[in-house]
Amino acid sequence: MHDLKTIREDADRLREAMRRRGALATYGPAIDEAEALDRDRRRMIQAVEDKKAQRNATTQIVGRKKKAGEDASADMELARGLGEEIAAFEAQLGPTESRLTELLLGIPNIPLPDVPEGDETYNVVVRTWGTPRAADGLKPHWEVGAALGLLDLERGAKIAGSGFVVYRGLGARMIRSFMNAMLDLHTGEFGYEETWVPVLVNRASMIGTGQLPKFEDDMYALRDEELFLIPTAEVPVTNLYRDEIVAGESLPMALCAYSPCFRREAGSAGKDTRGVLRVHEFDKVELVRYCRPEDGEAQLQLLLGHAEAVLQRLGLPYRVVLLAAGDLGFGSAKTYDLEVFAPGVGKWLEVSSCSVFTDFQARRANIRFRPAPGEKPRHVYTLNGSGLAFPRIFAAILEHYQQADGSVAVPEALRAWLGVDRLG
RNA sequence: GGACAGGUGGCCGAGCGGUUGAAGGCGCACGCCUGGAAAGCGUGUAAUGGUGAAAGCCAUUCGCGGGUUCGAAUCCCGCCCUGUCCGCCA
């Protein structure tokens with residue numbers, strides 16, 4: 001969410017940001033309307049506060065006269081009249097403020113200056129690591145997984161629906177090993193605090209990180225209670241400090257969590273539908289950081305490095321992509337995608353999206369820090385990234401480590417967890 | 001799910017419907033004291049919005065939302081959360 005001050009003093013910067021996202025036509029009208037509503041709002045506030053000041057003064061007089069045993073009926077009548085005027089002004093102010101909030105909640109974040117302008121064709125490959133395997137003769141992961149008894153997509157579809165996966169035997173054990181290996185790495189070597197969080201959260205949390213109100217159709221929700229299934233652990237973990245003021249010395253803060261993630265994937269029918277590349281429920285380990293505004297860029301690079309480390313330990317070739325403004329998520333100011341190469345399907349798979357949200361989420365979730373004792377609270381910067389998403393790592397391993405005899409070699413880093421060095 | 005108790009500032013904790021934005025304490029900041037510290041003493045210490053160059057002034061906020069009233073932290077209703085007991089249960 002943007003500060004009202006941005007609308008008031010910097011609306012053109014906001015328009016320029018939307019233009020860089022290629023979305024000025026979409027959001028321009030909202031910015032225009034917000035500008036007008038802000039002016040209306042301030043005018044009404046001045047009027048209503050003026051009346052309130054008058055009423056407060058009158059009410060004081062009533063109190064004093066009553067205490068002194070004098071007649072106060074004239075002042076009481078005056079105050080009652082003022083009260084009616086106040087009610088009338090407030091009846092106008094209420095809708096103005098809710099509309100303004102609604103608009104503010106629906107405008108995406110401003111990309112940082114070093115984010116390339118334009119749509120996804122302007123994404124930049126920043127670096128690559130490892131050498132992608134030639135695709136010839138390699139099978140896609142769903143064939144390998146089924147042949148080795150690691151994956152049971154048919155029964156997943158039967159018990160839940162298409163887009164739900166059953167892992168079996170060593171396949172299931174692989175998922176568990178991802179959780180252990182990644183959490184151990186991030187907590188043991190990179191200093192993250194391990195958390196275990198609810199996968200059902202309330203509306204305020206979903207607004208805090210930016211899933212609501214705009215993307216409600218993409219979220220699973222309960223029928224009888226106002227609870228939503230999280231699309232990522234970013235939601236509960238970032239909201240941990242919602243409506244709090246944290247001590248300046250506690251920053252930067254680093255938290256990680258394993259969680260299942262639930263996505264309706266409304267409107268994405270037909271894209272990556274085979275195998276486990278796009279499913280309604282999957283697991284991942286998420287990294288979340290809070291920091292001071294001046295540390296945002298350095299913290300993003302740090303976070304990115306932590307996510308990359310997982311791929312390096314697994315020996316999976318990948319590339320780092322800086323997203324162009326038009327490809328940026330709603331709340332992000334700058335994002336690096338990590339894409340691993342899956343030679344069986346011949347594609348780069350996004351396995352992590354590392355972003356800095358500047359104060360966009362912190363303002364929505366009201367997460368602040370006190371820079372120094374006695375100083376005014378400021379909003380923190382929030383960051384997050386997957387470290388990493390399991391199904392695509394599963395797919396990448398089955399494809400990248402495929403052997404000529406149909407078996408799959410187990411990456412060194414997972415052998416201790418799996419207890420074998422070869423699948424099949 | 002039922003009964004009772006409770007939700008007040010960074011934290012703890014008082015608070016008769018009318019100078020209570022809110023006593024007191026802790027914490028924190030500054031000063032005095034000290035060779036230096038601790039202790040002690042003194043002073044200060046909420047957020048948000050509006051206005052203003054600034055100092056300041058005004059408004060709002062005592063879980064959230066409504067209501068009663070000239071006036072609500074204080075009274076009434078609904079909801080949320082916490083605690084205790086009961087029920088249920090992995």
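The structure displayed is predicted, hence computed values, not measured ones.
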Engineer: Considering only atom C1', compute the distance from B/G65 to B/A72 and round it to an integer number of Å.
Structural biologist: 15 Å
Engineer: In the strands shown, is B/A73 matched to any nucleotide by a Watson-Crick or G-U wobble pair with both distances under 3.5 Å, and which?
Structural biologist: none
Engineer: Determine the Euclidean distance between corresponding P atoms of B/A55 and B/U60; express it in Å to zero decimal places.
Structural biologist: 22 Å
Engineer: Round to the nearest Å and state the distance from A/Asn56 atom CG to B/U69 atom P.
Structural biologist: 18 Å
Engineer: Round to the nearest Å and state the distance from A/Ile61 atom CD1 to B/G18 atom P.
Structural biologist: 18 Å
Engineer: I'd like the C1' distance from B/C28 over to B/C85, given in whole Å.
Structural biologist: 41 Å
Engineer: Determine whether the side chains of A/Arg41 and A/Thr96 contain a donor N or O and an acceptor N or O closer than 3.5 Å.
Structural biologist: no
Engineer: Nearest to the side chain of A/Arg42, which nucleotide is it out of B/G18, B/G49, B/U51?
Structural biologist: B/U51
Engineer: With sugar-phosphate meaning primed atoms plus P, OP1 and OP2, does A/Arg8 contact a base, only sugar-phosphate, or nothing at under 4.0 Å between heavy atoms?
Structural biologist: sugar-phosphate
Engineer: Quick one: label A/Asp50 by what it contacts on the DNA or RNA (base, sugar-phosphate, nothing), any heavy atom closer than 4.0 Å.
Structural biologist: nothing
Engineer: Could you work out which one of B/G18, B/A47, B/A59 sits closest to the side chain of A/Arg370?
Structural biologist: B/A47
Engineer: Using a distance-only test with no angle check, is there a side-chain donor-acceptor pair under 3.5 angstrom linking A/Tyr122 and A/Glu117?
Structural biologist: no
Engineer: My understanding is that a pair needs two contacts under 3.5 Å, Watson-Crick or G-U wobble. By that rule, which nucleotide pairs with B/G78?
Structural biologist: B/C64
Engineer: Could you tell me the separation between the NZ atom of A/Lys65 and the P atom of B/U19, rounded to a whole number of Å?
Structural biologist: 18 Å
Engineer: Could you let me know what B/C32 is paired to, Watson-Crick or G-U wobble, both distances under 3.5 Å, or none if it's on its own?
Structural biologist: B/G40
Engineer: Base, sugar-phosphate or nothing for A/Lys66? Non-hydrogen atoms, less than 4.0 Å.
Structural biologist: base
Engineer: For RNA chain B, whose closest nucleotide is more 5', that of A/Gly83 or that of A/Arg368?
Structural biologist: A/Arg368
Engineer: B/G44 and B/G50: how far apart are their C1' atoms, nearest whole angstrom?
Structural biologist: 27 Å
Engineer: Roughly how many Å apart are B/A23 and B/A37, using the P atom of each and rounding to a whole number?
Structural biologist: 32 Å
Engineer: Which residue is it: A/Leu200, A/Asp218, A/Leu229? I am looking for the one with a side-chain contact (heavy atoms from CB on, under 4.5 Å) to A/Phe262.
Structural biologist: A/Leu229
Engineer: When you compare B/C62 with B/G10, how far apart are their P atoms, in angstrom units rounded to a whole number?
Structural biologist: 14 Å
Engineer: For the residue pair A/Thr335 and A/Ser332, confirm or rule out a side-chain donor-acceptor distance under 3.5 Å.
Structural biologist: yes
Engineer: Only pairs with both distances under 3.5 Å count, Watson-Crick or wobble alike; so what is the partner of B/G56 in this structure?
Structural biologist: B/U51
Engineer: Ignoring the backbone of A/Glu49, work out which of B/G10, B/C58, B/G71 is nearest its side chain.
Structural biologist: B/C58
Engineer: Nearest whole angstrom, please: distance from the P of B/A72 to the CD of A/Gln60.
Structural biologist: 12 Å
Engineer: So if I take every side-chain heavy atom of A/Lys52 and compare against B/U48, B/C70, B/A59, which nucleotide ends up nearest?
Structural biologist: B/A59
Engineer: Let's see if you can work this out: which of B/A47, B/G50, B/G18 has an atom nearest to the side-chain heavy atoms of A/Pro377?
Structural biologist: B/A47
Engineer: Reading RNA chain B from 5' onward, which residue's closest nucleotide shows up sooner: A/Ala53 or A/Arg41?
Structural biologist: A/Arg41
Engineer: With a 3.5 Å limit on both atom pairs, tell me what B/G27 is paired to, counting Watson-Crick and G-U wobble, or say none.
Structural biologist: B/U45
Engineer: Can you identify which nucleotide, out of B/A47, B/G71, B/G50, has its nearest atom closest to the A/Arg55 side chain?
Structural biologist: B/G71
Engineer: Which value, in whole Å, describes the distance between the C1' atoms of nucleotides B/G21 and B/U34?
Structural biologist: 38 Å
Engineer: For A/Asp337 and A/Ser352, does a side-chain donor sit closer than 3.5 Å to a side-chain acceptor?
Structural biologist: no
Engineer: Name the pairing partner of B/A3, where a pair is Watson-Crick or G-U wobble with both distances under 3.5 Å, or state none.
Structural biologist: B/U84
Engineer: In the structure shown, which nucleotide is the Watson-Crick or G-U wobble counterpart of B/A90, with both distances under 3.5 Å?
Structural biologist: none
Engineer: Using whole Å, what does the distance between atom P of nucleotide B/C58 and atom CD of A/Gln46 come to?
Structural biologist: 15 Å
Engineer: Does the structure show a Watson-Crick or G-U wobble partner for B/G21, both distances under 3.5 Å? Name it, or say none.
Structural biologist: none
Engineer: OP1 or OP2 of B/U19 versus the side-chain N and O atoms of A/Arg64: is any pair under 4.0 Å?
Structural biologist: no
Engineer: Could you state the atom-to-atom distance from CD of A/Gln54 to C1' of B/C57 in whole Å?
Structural biologist: 15 Å
Engineer: Would you tell me if any nitrogen or oxygen in the side chain of A/Asn366 comes within less than 4.0 Å of OP1 or OP2 on B/U48?
Structural biologist: no
Engineer: Between A/Phe360 and A/Phe330, does the ring centre distance come in under 6.0 Å?
Structural biologist: yes
Engineer: Give the rounded distance in Å between these two atoms: CE of A/Met76 and P of B/U69.
Structural biologist: 11 Å
Engineer: Between B/A73 and B/G17, how far apart are the P atoms? Round to whole Å, please.
Structural biologist: 13 Å
Engineer: Just how far, in rounded Å, is P of B/U60 from CZ of A/Phe89?
Structural biologist: 15 Å
Engineer: Tell me whether the NZ or CZ atom of A/Arg368 lies within the 45° cone about the ring axis of A/Tyr241 and under 6.0 Å from its centre.
Structural biologist: no
Engineer: Backbone N or O of A/Lys139 within a donor-acceptor pair of the A/Gln402 side chain at under 3.5 Å?
Structural biologist: yes
